[in-house]
Amino acid sequence: MSKWTTADLPDQAGRVAVVTGANTGVGLATARALARAGATVVLACRDQDRADAAAAAVGGEPVLLDLGSLASVRAGAERITAAHPRIDLLVNNAGVMMTPRGRTLDGFELQIGINHLGHFALTGLLLPAMLPVDGSRIVTVSSNAHRTGEINFDDLNSRDRYRPIAAYAQSKLANLLFAFELQRRLAAAKARPISVGVHPGSARTDLARDSPRVVRWLLGSPLMSWMVQDSEQAALPTLRAATDPAVRGGDFYGPDGWNGFKGHPVRTASSPRSLDAVAARRLWEKSERLTSVVYRFTGTGG
């Protein structure tokens, strides 16, 4: 069986794709590949200057959207849907990793707030523009770290005890619980869009800028090239999940190499916790309360 690469990326002419965190790393590589394939790409980023520079480089459209502020998410979603009433693809890519203790503008712990709650709100706000579109997809980028994650429903914002690695793993598990629960709800509503989860493996990007020194060394060292890949390779699971006609709702894609660290994108298995429908419903309901974004699978919503 041949290895999937960007050469297999179908023609994207006529499609509108929104990519969060598209000014650097895997997000930028994703946006660049989609634009080269003919898509109109909206680069949703928290820094306007970086968004402008990235959009100019790939030929896309910059939109200021800070996932750490629900007001910014709403304003950014309004700008996107005003310019593009029909959206084919949303890639929930942006994220932070192992940050020092901190809070979003809405008071959420940074990692759960940006990685999960910001994307939960954005997806709900953009969904009405995707519901009428045949073949539309929501791709949510998780991490291998989801396998060690646990959702602390009694302290989702890590107020009692904060450990950067545990908070990151929780947020990445939340990404998949959301992606799979979204698919269940879309399917129940017989809606057109599908929801897919991915993980990029290990990549040399600035996502690790807040990580412990040893983690940054491991990701940057030439000695670790056997298990660490560049952004373009790490973007392949996202690109395949976003464009391959064989992808089905609820699928999970990642690299085919050892432990999923590196390789070419294949459909793979996520952790048993990520498939817990009861936990997923509980997280969904809590996320709606925290963000005040209530999903509607027909008509308008948000």
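Bear in mind that the values here come from a model prediction, so they are computed numbers and not experimental data. When a residue number appears, it is its place in the shown sequence, counting from 1. Hydrogens, waters and symmetry mates are skipped; everything else that's a heavy atom, side chains included, is used.
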| message | Using side-chain heavy atoms (C-beta onward) and a distance below 4.5 Å, is Gln111 in contact with Ser158? | response | no
| Should Asp256 and Lys3 count as an ion pair when the cut-off is N to O under 4.0 Å? | yes
| Donor-acceptor pair, side chain of Gln233 and main chain of Gly263, under 3.5 angstrom | yes
| request: Taking all heavy atoms of Gly260 and all of Asn144, pick out the closest pair and write down the distance. | output: O-ND2, 3.6 Å
| So, the side chain of Gln12 versus the backbone of Pro10: is there a donor-acceptor pair under 3.5 Å, distance only? | yes
| task | Apply side-chain contact (heavy atoms from CB on, under 4.5 Å) to Ile80 and Ile87, showing your working. | result | CA-CA 9 Å; Ile80 292 169; Ile87 297 171; 3.8 Å; yes
| note | Contacts of Arg289 meeting side chain to side chain contact (heavy atoms under 4.5 Å, CB included) (sequence neighbours excluded), chain-then-number -> Glu285, Lys286
| request: Start with the C-alpha gap between Val18 and His84, add the side-chain angles, then the distance that decides, and say whether side-chain contact (heavy atoms from CB on, under 4.5 Å) holds. | output: CA-CA 10 Å; Val18 179; His84 302 287; over 6 Å; no
| task | State whether the side chain of Arg137 and the backbone N or O of Ala241 hold a donor-acceptor pair below 3.5 Å, judged by distance alone. | result | yes
| said: Taking the side chain as everything from C-beta on, heavy atoms only, tell me whether Thr238 gets closer than 4.5 Å to Pro200. | reply: no
| said: Using a 3.5 Å distance criterion without hydrogens, assess whether the side chain of Arg79 forms a donor-acceptor pair with backbone atoms of Leu64. | reply: yes
| query | Side-chain heavy atoms under 4.5 angstrom apart, residues restricted to Ile, Leu, Val, Met, Phe, Trp, Tyr: same cluster for Phe178 and Phe108? | reply | no
| field | Pairwise side-chain contact, Met97 with Tyr168, heavy-atom cut-off 4.5 Å (strictly under) | value | yes
| query | Is it true that Phe180 and Trp284 fall in one hydrophobic cluster, defined by side-chain heavy atoms closer than 4.5 Å? | reply | no
| query | Does one side chain, of Thr123 or Asn92, offer a donor that lies under 3.5 Å from an acceptor on the other? | reply | yes
| said: Does any part of the side chain of Leu173, heavy atoms only, come nearer than 4.5 Å to the side chain of Ser274, both counted from C-beta? | reply: yes
| message | Let's go through Arg192 and Val133 carefully: what are the C-alpha distance in whole Å and the side-chain angles of both, what is the deciding distance for side-chain contact (heavy atoms from CB on, under 4.5 Å) to 0.1 Å, and is it a yes or a no? | response | CA-CA 7 Å; Arg192 290 181 174 89; Val133 182; 5.8 Å; no
| query | Would a distance-only check, ignoring hydrogens and angles, find a side-chain to backbone donor-acceptor pair under 3.5 Å from Asn259 to Phe261? | reply | no
| Heavy atoms of other groups near Arg103 CZ, more than 12 under 6.0 Å | yes
| query | Is a side-chain donor or acceptor of Asn175 paired with a backbone partner of Thr140 at a separation under 3.5 angstrom? | reply | no
| Taking the side chain as C-beta and beyond, is there a heavy-atom pair between Arg15 and Thr243 under 4.5 Å? | yes
| task | Verify the distance criterion only: is there a donor paired with an acceptor across the side chains of Asn115 and Ser171 at less than 3.5 Å? | result | yes
| query | Is the charged tip of Arg185 near the ring of Tyr295: under 6.0 Å from the six-membered ring centre and within 45° of its axis? | reply | no
| note | All heavy atoms of Trp4 vs all of Thr6, minimum pair found to be CZ3-N, 4.3 Å
| query | Ser195 versus Leu186: any side-chain heavy-atom pair under 4.5 Å? | reply | yes
| said: As a quick check of understanding, evaluate side-chain contact (heavy atoms from CB on, under 4.5 Å) for Phe120 and Leu283, giving each step before the final call. | reply: CA-CA 11 Å; Phe120 179 92; Leu283 179 64; over 6 Å; no
| Does Arg267 use its side chain to pair, donor to acceptor, with the backbone of Asp251 at less than 3.5 Å? | no
| Where is the tightest heavy-atom contact between Ala55 and Leu43, given as atom of each residue plus distance? | N-CD2, 3.9 Å
| task | Establish, from distance only, whether the side-chain atoms of Thr20 and His119 form a donor-acceptor pair under 3.5 Å. | result | yes
| task | Verify, without hydrogens or angle tests, whether Asp66 (side chain) and Ser72 (backbone) share a donor-acceptor contact under 3.5 angstrom. | result | no
| request: Determine whether Leu156 and Leu290 make a side-chain contact, defined as any pair of heavy atoms from C-beta on separated by less than 4.5 Å. | output: yes
| note | Residue set satisfying side chain to side chain contact (heavy atoms under 4.5 Å, CB included) with Ala277, at least two apart, ordered chain then number -> Arg184, Arg281
| query | Does the Asp155 side chain pair with the main chain of Asp160, one donor and one acceptor, at a distance under 3.5 Å? | reply | yes
| said: Determine whether a donor-acceptor pair (N or O, by modelled atom type, separation under 3.5 Å) exists between the side chain of Asp88 and the backbone of Ala17. | reply: no
| Quick one: do Asp244 and Arg240 make a salt bridge, cutoff under 4.0 Å? | yes
| With a 4.5 Å limit on heavy-atom distance, are the side chains of Thr104 and Leu110 in contact? | yes
| For Leu239, the option from Val26, Thr5, Thr30 that meets side-chain contact (heavy atoms from CB on, under 4.5 Å) | Thr30
